[in-house]
Amino acid sequence: MPSLQKTREPQDRPQGPPAVIPTHRDEVAAAGSELIGGPFGRRALIGGGQFTPVRVIALVAIGMFALGMVQKLPCYNWAWFRGTTSQYTHACYSDIPHLFSGRGFADGLVPYFDRLTGDIPFLEYPVLTGLFMEVAAWLTPGSGTMDHREQTFWMVNAGMLMVCAAVLAVCVTRTHRRRPWDGLLVALAPSIALTATINWDILAVALTSAAVLLWSRGRPLGFGILLGLATAAKFYPILLLVPLLLLCWRAGKWREYGTAVLGAAGAWLVVNLPVMLMAPEGWKQFYLFSRDRNVDFGSVWLLVSQRTGTSIPPEKANLYALMLMVVAVVALGFLALNAPRRPRFVQLAFLIVAAFVLTNKVYSPQYVLWLVPLAALARPRWRDFLIWQACEVMYFLSIWMYLAFMNSGNKQGLPVDGYQFAIVLHLLGTLYLCVMVVRDILMPEKDPVRQDGSDDPSGGVLDGAEDVFVTGRAAHPARHAARTVEGPRVEWGTPGEVERDTPGERETPGERETPEERETPGDPETGPDPRG
């Protein structure tokens with residue numbers, strides 16, 4: 001509040017520290033910006049007029065999604081309907097058109113209630129995804145050739161999934177108030193363009209990102225409801241409650257955590273309970289299929305099985321994966337409670353989902369979507385993000401070439417050894433990003449998000465909160481969650497550094513604004529945050 005002795009005109013009132021400009025902090029972003037005229041200058045108007053960061057990034061995300069649809073054109077026009085190999089050699093395969101007839105949508109069967117013919121008796125997807133598929137089937141004409149109906153079904157689904165992609169990009173853009181341009185990492189991610197229309201995973205990813213946004217705004221109930229809906233569309237979002245438990249334990253935010261858990265459980269039950277009661281056999285199919293599924297493409301277990309020549313039964317793969325996930329959770333707990341500063345929520349969220357991806361008995365190409373928004377928020381550095389994305393694009397191309405090799409009579413494509421190398425590349429790329437995130441947790445002065453003095457912009461009630469339970473190094477001596485004793489001197493938990501025109505030039509502690517001059521950072525879309 002301005003003092004009585006010092007007032008300013010409304011137009012002269014400071015709007016808090018400006019948004020972080022990636023081209024001022026990130027060498028790769030600065031070099032890439034030369035394609036569009038170079039880095040922001042000192043007189044550039046950030047987010048002025050109609051082209052705010054949120055709108056720009058949403059448009060870019062829609063444009064990249066459209067390019068991904070264009071990439072599927074060879075399959076849309078003919079390859080989905082002319083044998084199997086051609087859709088692999090053109091790297092444009094999608095489950096969507098094949099499941100239109102394969103799961104009874106073409107015949108008007110009701111998911112979970114009507115039994116299917118074939119090896120799978122009921123739809124093997126979670127309930128909210130099944131509802132999404134059914135809505136798309138309702139919008140698909142019931143007349144015409146089967147090829148035309150499958151094309152239309154894919155196009156309807158693509159339109160609905162494009163909305164999910166735009167929501168995903170907007171939620172990531174708005175999560176870190178001072179770093180809206182990190183949303184470009186998601187909008188321009190090649191893996192999203194290539195895999196978004198393979199399956200329906202981006203629905204759960206968009207809901208999860210919206211949940212993280214609400215948590216960052218201090219709304220645990222809204223977070224829980226959206227996370228419960230995301231879990232009703234895909235299993236992995238429920239994993240985010242594990243790092244949240246550890247962080248709320250360290251900060252003593254039990255009421256907020258309990259609210260989030262109750263909201264998630266309630267939303268999940270609202271979606272699942274009707275089907276669970278009226279069609280229990282159909283409802284259980286997703287869980288039975290997940291349990292009984294054999295070791296499949298992309299997993300470390302397939303790599304071990306092929307290299308040793310020993311088949312790994314599903315029950316053993318489930319046990320091994322569970323044991324490794326338990327180890328990962330224990331390690332995550334040690335990291336969360338021993339780190340010199342409380343880790344950021346999205347850092348631990350990325351690590352737990354990455355551990356699930358690395359230990360699971362299958363890695364479908366679209367599973368990379370689970371990690372993209374969390375990676376952009378956990379480690380917003382273009383170099384590291386692009387290294388990881390390059391590994392994932394290589395895996396995307398390799399799996400289709402491997403399938404072409406296995407299904408073609410003349411064995412044209414990628415042989416087994418080449419595909420195994422692609423699996424290793426995928427594993428190493430994901431592990432590399434995990435290592436960088438862990439390094440940022442152990443040395444918070446290297447965390448790109450915290451280098452301006454922020455604590456946890458995605459943490460909501462955790463942002464700047466006091467620690468109440470720590471162990472190991474973090475407990476000797478006890479200190480505020482937003483402090484450090486090693487590395488460059490940064491005043492944690494306050495908007496410290498101010499953007500300069502020269503990359504790398506930062507404000508020293510002695511140059512900081514006085515408390516009377518400092519105001520709360522504004523939202524990239526709506527201006528200053530009244531919550532503070």
Side-chain angles (χ1 to χ4, degrees), residues 20 22 24-29 172 175-179 181-183 185-186 212 215-216 240 242-244 246-247 250-251 328 331-355 357-358 371-389 428-460 462-465 467 470 472-474 479-497 504 506:
V20 173
H24 292 185
R25 296 282 185 90
D26 193 304
E27 293 179 357
V28 175
V172 173
T175 297
H176 289 173
R177 294 179 185 273
R178 289 200 59 216
R179 302 183 62 93
W181 293 108
D182 289 342
L185 290 164
V186 173
V212 172
W215 180 264
S216 74
L240 269 63
V242 175
L244 196 61
L246 298 170
L247 296 174
R250 178 163 174 166
L332 202 70
F334 180 85
L335 185 65
L337 299 177
N338 284 267
R341 289 184 64 196
R342 189 171 56 246
R344 293 189 289 114
F345 171 44
V346 289
Q347 289 177 318
L348 295 189
F350 171 79
L351 292 176
I352 191 72
V353 176
V357 165
L358 292 171
L371 291 173
V372 170
L374 297 175
L377 294 170
R379 178 66 183 168
R381 278 282 187 251
W382 281 87
R383 181 200 64 183
D384 299 329
F385 189 84
L386 291 177
I387 289 173
W388 170 59
Q389 283 290 287
L428 290 178
T430 305
L431 284 171
Y432 168 75
L433 206 53
C434 290
V435 168
M436 299 306 294
V437 172
V438 171
R439 188 198 67 165
D440 288 345
I441 292 173
L442 297 177
M443 295 185 287
E445 67 276 5
K446 295 185 179 295
D447 184 353
V449 175
R450 284 176 159 166
Q451 285 175 352
D452 63 4
S454 298
D455 179 31
D456 186 1
S458 62
L462 300 169
D463 188 21
D467 282 336
V470 290
R473 285 195 309 155
R479 54 184 176 271
H480 191 285
R483 290 194 181 276
T484 187
V485 295
E486 299 178 358
R489 174 73 173 175
V490 180
E491 194 174 316
W492 302 117
T494 58
E497 297 174 1
R506 295 174 179 166

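- Considering R379, Q347, K446 as possible partners of D440, the one that fulfils the side-chain hydrogen bond (donor to acceptor under 3.5 Å, both in side chains) test is R379.
- Residues G183 and V172 come closest through the heavy atom pair CA-CG1, 4.1 Å.
- Counting non-hydrogen atoms of neighbouring residues, nucleotides and ligands closer than 6.0 angstrom, the OH atom of Y432 exceeds 12 such neighbours.
- Side chains of D456 and S458: a donor on one and an acceptor on the other come within 3.5 Å.
- Of the charged side-chain nitrogens involved, at least one lies within less than 4.0 Å of a carboxylate oxygen, so that R179 and D182 count as a salt-bridged pair.
- At a threshold of 4.5 Å between non-hydrogen side-chain atoms, the residues R342 and V470 do not count as touching.
- Using a 4.5 Å heavy-atom cutoff, the side chains of P380 and F385 are not in contact.
- Using a 4.5 Å heavy-atom threshold, the side chains of L240 and V212 count as touching.
- Contact detail for D463 and P457: the closest heavy-atom pair is OD1-N, 4.3 Å.
- With rounding to the nearest 0.5 angstrom, the CZ atom of R439 is 7.5 Å from the CG atom of D384.
- Q451 contributes a side-chain N or O that, together with a main-chain N or O of E445, makes up a donor-acceptor pair within less than 3.5 Å.
- The only option from L246, I441, L442 that meets the side-chain contact (heavy atoms from CB on, under 4.5 Å) definition with P343 turns out to be I441.
- In this structure the side chain of L335 reaches within 4.5 angstrom of the side chain of L351, judged on heavy atoms.
- Considering only residues two or more places apart in sequence or on other chains, D447 meets the salt bridge (Lys or Arg N to Asp or Glu O under 4.0 Å) condition with R344.
- Taking both residues in full, the closest heavy atoms of A465 and D455 are given as N-OD2, 4.2 Å, listed atom of the first, atom of the second, then distance.
- Residue V437 comes nearest to A378 through the heavy atom pair CG2-CB, 4.2 Å, listed as atom of the first residue, atom of the second, then distance.
- Atom-to-atom distance recorded for R381:CZ and L433:CG is 13.0 Å, nearest 0.5 angstrom.
- For the pair W215 and G459, the tightest heavy-atom approach, listed with the atom from each and the gap, is NE1-O, 2.9 Å.
- Residue R450 comes nearest to P444 through the heavy atom pair CB-O, 3.9 Å, listed as atom of the first residue, atom of the second, then distance.
- Note that the CG atom of L358 and the OG1 atom of T430 stand 5.5 Å from one another [nearest 0.5 Å].
- The distance from atom CG of L337 to atom CZ of R250, rounded to the nearest 0.5 Å, is 7.0 Å.
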